[in-house]
Structures are given as structure tokens and as C-alpha cells.
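These notes concern the structure reproduced below.
In what follows, chains carry the letters A, B, and so on, assigned in the order in which the sequence lines appear, proteins first and then strands, with residues in each chain numbered from 1.
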Amino acid sequence: MSTVKTLTGEEHFKAVISHAKEYGFIFQSSEIYDGLSAVYDYGQCGAPLKNNIREYWWRAMVQMNENIAGIDAAIFMHPTVWKASGHVDAFNDPLIDNKDSKKRYRADVLIEDHIAKIEAKIEKEVTKAKQRFGESFDEAMFRSTNPRVVENQKKIDEINQRLKDCLERNDLEGVRQLILDLEIVCPVSGTRNWTEVRQFNLMFATQMGSVSEEASTIYLRPETAQGIFVNFLNVYKTGRMKIPFGIAQTGKAFRNEIVARQFIFRMREFEQMEMQYFVRPGTEMQWYEHWKQARMQWHLTLGISSTKYRFHDHIKLAHYANAACDIEFEFPFGFKELEGIHSRTDFDLKSHEQHSGKKLQYFDPELNESYVPYVVETSIGLDRMFLAVLSATYKEETLEDGSDRTVLSIPPALAPVKCAVLPLVNKDNLPEKAREIMDQIKFGFDCMFDAKDSIGKRYRRQDAIGTPYCITIDHQTLQDNTVTIRERDTMQQERIHTSEVSRIVEERVSMKALLSKVS
RNA sequence: GCGGAAGUAGCUCAUUUGGUAGAGCAUCAGCCUUCCAAGCUGAGGGUGGCGGGUUCGAGCCCCGUCUUCCGCUCCA
């Protein structure tokens, strides 16, 4: 039996990153020019693995669900989309640093925290008064007449007004002045040694229109979901959809992260796989539960240990959600969000109704009425899923004979190469025979031919990129047309007829088996 | 973005008062032939991250810049 080496999280992560480069999974973008921060390219093994993960998702969602339609919306969208979605506001946080503690804060949050302190003072007054007056206490009256409460409330209103004015006018200097005027100190250093307030544009802007004077600013989408919402009516009308139904898509999204790190976990350009499920209002919680379970099932079907996954329910909900959870995955650097499942209410469609003036409603024949559907969203990062697969399947083993091997136990259906074709020795007509077999089977799945170096070394090379099967052509093959087929994880071999290779490999690497378990 | 560490061949690393840049693995060609890495011979591959400065001379000292890694706020 082989034993798997135990690596610390950091060792494991480093090993995965260098393995990803060494075997052509992930390269840093523009590496010959010193790279581009937080942007990565997928190499000759990475691209097929990524495609396979995407295909597994697409087929599990679109092919396996009659009522889910797949689309492919453009990355460029009308600028108003991002006003409607809230990204224009939410993605323009004003930030400020304290020069002494080197801590960074959101400037508006600092001010809001200050307001919260004043509010706490008011509550204290009220509580005290309540105790003093007992039964006869008129809280509303107290709040409107007590001088200290009134004064504090006035302060709060003034601060709120100033903050609102500044944010609306995009007056960053005004925000800074407000922080100085309020004498807000850094909670860590206790000083008022603040930097300028700076704005980080989390959306990438570009120009539409080739003549610069006439060009207008548009954004690369920071999420794919809006491409689904703006097409809700199109798909509903042209696809003859009946609620509940879903719209799915995969695609690139772009965010200027303040801190972009941890390899491909957090990238500026990344790919999402999202499905928005439109349901009758009031039924959203049952569908939320349904998709929570269905999505977890999709993950577990891959065969990666279930202990690597867990749900994390959000306590604090975003403004558009009435329920939300993450599927977290245990990456080498700990449990982190891999997928989100959100009950988004009718926030998005309603907002688009308001901004576009179009009626984004569904006529429900059962109820004989129209309504804005509620939405349950499932959203998974493809690159994160890629990293999950890579880090969960990377293993360094010590074999019985004391030798080492590095193997990626990638689920066969996702593996970049399905089958290697190896002549045992590079002579005696074995390479020719091997080519002949390769030419027969290559139509069904990705194959790789390798005749260089010893057979053991070639097996290790295939293990390193996660090839589930190796077909070896030996002298016996020339006599009876049989070959050995070696399984990656067990390294066990069996002898099969060449005419069966295609069928057997196809059976074992096919996505069908996975799909039958998720639906 | 801020603070700390680092950057030499595809990978892992040497080269210590600053004096012409090396090894192993990997790659390629040939030989050998053997079902689980590490046989033999040969070859290619580096303007030392990049730019500037000090010096007769810089991989090494200084400055800038880029990238990566470790700590802080948002997200998929």
C-alpha cells in the first residue's frame, strides 16, 4: 500500500501552485513582462480541466433540468444596468488609511460607527428615564423633548446629511473633512493622522464608440447575474417558460479587487457559473432549500471527500436577500466560499422595472394574475472550483518500494487527458502498433501518446496531470491484440482486447455516470 | 493600497570582503530496453525581474519600479 504524505496547509498550497505551473495548468498572465497582478492564464492542461468543470455544471443544470434555459449574455451591458443592480454605489467605497496604525477603513463606515456611538448615548438616556418614570413613561414624548436626546439626534441628522451630500457629489475631501470635524480617531492607534480619502473603482470602465469625443463610458460586468435579469422577459416569452423556471449561464466577470491574492482564488478577471431560478412569491424558501441541497449534491457527486464541504448560513443579509448561504470548501488556506445560494427576492427585477420602465412580470395562469417573480440564485466561481479540484486531488505518495509519486486524482470525467497510449519500448514495431490504436480511439476522448523514457517514468508523468488510464502496448499485443490498461489511483492493470479499449475507457471517463447521480 | 520578506536556467538551489555565472532534476538528440522515477553519450537553455546610481569592475552595495509570498477591509 502507498502512503500519502501529510503536508501543512502552506506546504500543500505552495506545492499545488508550482505543480500547476510545471504541468501546464495555470500560468501567470504576461509572465515574460513580469506578470500582471491577480490575472492568470490556463495552460494546455488547465484549459481542458476548466472546460470539463464548466461542462459538468452546464449539463447538470441545463441538460438535466427541462425548465432551465442556458444563455450567453454579453460582457458589455448598458450603464444603467449597474445603477439598477446597485453596483455603481456598492462598488465605489471611499477608503481612508490611518498613517499610524496602517489600518484601512471605509470612510463612510467610520462615520456611521461614530453615529452609532451617539445613538447609543440616546438609548442610554432613554433607558435611564424609563427606569426613573416606570409605567407612566412616554418614550415618544421623551425622545422629542429631552434636551440631551434632541441635541444628539440633531447631531446625527446633521452628520447624515453631510455624509449623504458628500457621497452624492462624490466629494471625497468633504468626507475627510467630516471625519476630521467629528474628531474620529483610529480604533487601533487612537490618532487622527488620516490619509486622503480615496475611491477604489471596483468596476472596470472602458469606452464604447471609436471616436473619443462621442465615446461613452461602459463597464465590464462585475457579475453575470444581470445578464440573466435583463433577459428574463426574452427567455420567458420566446422559450415558452412556466414558473418555476431557471436561466443559467457561465461567463467572465471583472472586479478591481483591493486585495487580490491567494492564486486563482481571487482574480481580477474570473468566471462565474450562475443560475437564477424564478419562482412564485411565497415559495422562495422551499426552492432555496431545494437548490441548497441540489448544489451540494452536485459537489459531492464528484467524489471529493464530503468533509471538505460545509454550509455557511449568512446571518447578516445583503439588502436584496431574505436568505443566503455559502457552500464553503476547505482550501489549503482554510474553509472559504466556493459557491453562494441566495434568495434574492424580487429586488433585481423590480429595480430593473423601475430603471427601464418595462414591466418584468410573469402572468401566472393558475392564479390568474401577474407578479414580479422571486429569484433564488446559485452562483459558483469556476476558477475557485478549479482550485478546489486541484488542491483536493493533489497528493504526494510514498509507494511500498520507497519511491515517490505525485498524483492528481481528478475525477475521470474532469481529467484533461483521459487516456495515455504507451508503447512499452520505443522499438520492435511497438510505437507503430501504438499509433494504430491511438488513431482508433482518439475520436472518443482526449488521448496522449508518449514513447520517451522508461515506462515507469511515463506512468508518473501521466499521474502528475491526472490521466485516469494508461494503455500499454507490449510484445504480446503484436501476437494477440491485447493491451494492458492501468488505473491511475490503484496502479492496477488488467489485460483487455484492443477492440474493447474505446468502450471501456469511454464508460469509465464519461460524464453520464455523474449526471445520473445529480438529477 | 500599507507594513514585512523575497526575485539567479522550465523547477529546486549554489556562487559571502563586489573580480569572466554553476549543479541536480527537467527538456531535446542518439544509444540501451526494462510494466511503475533516478542507465550511457551529447546538446540547447541565463544581458542574474526590470531601470537607474556608486565603482576600474555589481548577481552581491544604494535608489526606483514590477512581481510573488506573509499580515489588514470587500467578494465568486
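Distance check on atom C1': B:G19 versus B:A58 gives 10 Å, rounded to whole Å. Nucleotides B:G49 and B:A43 are separated by 28 Å at their C1' atoms, to the nearest Å. Here, B:A26 and B:A38 have their P atoms 9 Å apart, quoted to the whole Å. Between B:G22 and B:U47, the distance separating the two P atoms is 15 Å to the nearest Å. Of the P atoms belonging to B:G30 and B:G10, the separation is 24 Å, rounded to the nearest Å. B:A37 and B:G52 have their C1' atoms separated by 47 Å, given to the nearest Å. Comparing B:C28 with B:G64, their P atoms sit 44 Å apart, to the nearest whole Å. Across B:U16 and B:A21, the matching P atoms stand 14 Å from one another, rounded to whole Å.
Ring centroids of A:W287 and A:Y374 are separated by 6.0 Å or more, keeping the two rings apart. For A:Y42 and A:F27, the ring centers sit 6.0 Å or farther from each other. When ring centroids are compared, A:F204 and A:Y219 stay outside the 6.0 Å threshold.
Going from atom CD1 of A:I465 over to atom C1' of B:A26 covers 15 Å, rounded to whole Å. Going from atom NZ of A:K452 over to atom P of B:C32 covers 13 Å, rounded to whole Å. Taking atom CZ on A:R268 and atom P on B:A76, their separation rounds to 17 Å, with Å as the unit. Rounded to a whole Å, the CD1 atom of A:I26 is 17 Å from the C1' atom of B:G10. When rounded to the nearest whole Å, the span between OH of A:Y23 and P of B:G10 equals 16 Å. The separation between A:N429 atom CG and B:U33 atom C1' is 16 Å, rounded to whole Å. Summarising the geometry, the separation between CG on A:L430 and P on B:U34 is reported as 12 Å, rounded to the nearest angstrom. When the C1' atom of B:C28 is taken as reference, atom CG of A:D450 falls 14 Å away, rounded to whole Å.
A perpendicular orientation is assigned to the rings of A:F329 and A:F331, their planes being inclined by more than 60° (bins at 30° and 60°).
Residue-level contact check: A:L338 touches the backbone only, with heavy atoms under 4.0 Å from sugar-phosphate atoms and none from bases. Residue contacts for A:I455: at a heavy-atom cut-off of 4.0 Å it reaches the sugar-phosphate backbone alone, with no base atom in range. If you check every strand for non-hydrogen atoms under 4.0 Å, A:R405 touches nothing. If you check every strand for non-hydrogen atoms under 4.0 Å, A:T484 touches a base. Residue A:D428 is out of contact with every strand shown, counting any heavy-atom pair closer than 4.0 Å.
Put simply, A:K21 has a side-chain N or O that comes within less than 4.0 Å of OP1 or OP2 on B:C11. Contact check, A:R461 against B:U27: a side-chain N or O comes under 4.0 Å of OP1 or OP2. Taking only side-chain nitrogens and oxygens, A:Q493 never comes nearer than 4.0 Å to OP1 or OP2 of B:C36. The side chain of A:K457 contributes an N or O atom lying less than 4.0 Å from OP1 or OP2 of B:A26. Residue A:S454 places none of its side-chain N or O atoms closer than 4.0 Å to OP1 or OP2 of B:C35.
With B:U33, B:U68, B:A37 as the choices, the nucleotide that has an atom nearest any side-chain atom of A:R460 turns out to be B:A37. Listed nucleotides: B:U33, B:C35, B:A76. Nearest to the side chain of A:D474: B:C35. Among the nucleotides B:A37, B:U67, B:C69, the one closest to any side-chain atom of A:K14 is B:C69. Which of B:U67, B:A76, B:U27 sits closest to the side chain of A:R384 comes down to B:A76. For A:Y459, the listed nucleotide lying nearest its side chain is B:C36; candidates were B:U27, B:U68, B:C36.
Enclosure of atom CZ in A:F311 by more than 12 non-hydrogen atoms of other residues, nucleotides or ligands within 6.0 angstrom is indicated.
Nucleotides of RNA chain B nearest to A:I17 and A:Q272 differ in position, and the one nearer the 5' end is that of A:I17. Of the two residues near RNA chain B, A:R486 and A:E377, the one whose nearest nucleotide lies more 5' is A:R486.
For the pair A:R295 and A:W291, the cation-pi criterion (under 6.0 Å, within 45° of the ring axis) is not fulfilled. Geometric assessment of A:K418 against the ring of A:Y469 yields a negative cation-pi assignment under the 6.0 Å and 45° thresholds. Cation-pi geometry between A:R268 and A:F254 is not met: the NZ or CZ atom fails to fall both under 6.0 Å from the ring centre and inside 45° of the normal.
We find that A:E396 and A:R405 are not joined by a salt bridge, their nearest charged nitrogen and carboxylate oxygen being 4.0 Å or further apart.
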Given Watson-Crick and G-U pairs under 3.5 Å, RNA chain B in dot-bracket ([ ] crossing, | other strand) is (((((((..((((.....[..)))).(((((.......))))).....(((((..]....))))))))))))....

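A donor-acceptor contact under 3.5 Å is not formed by the side chain of A:E22 with the base of B:C11.
Counted by atom type alone, A:D480 and A:Q476 present one or more donor-acceptor pairs between their side chains at under 3.5 Å.
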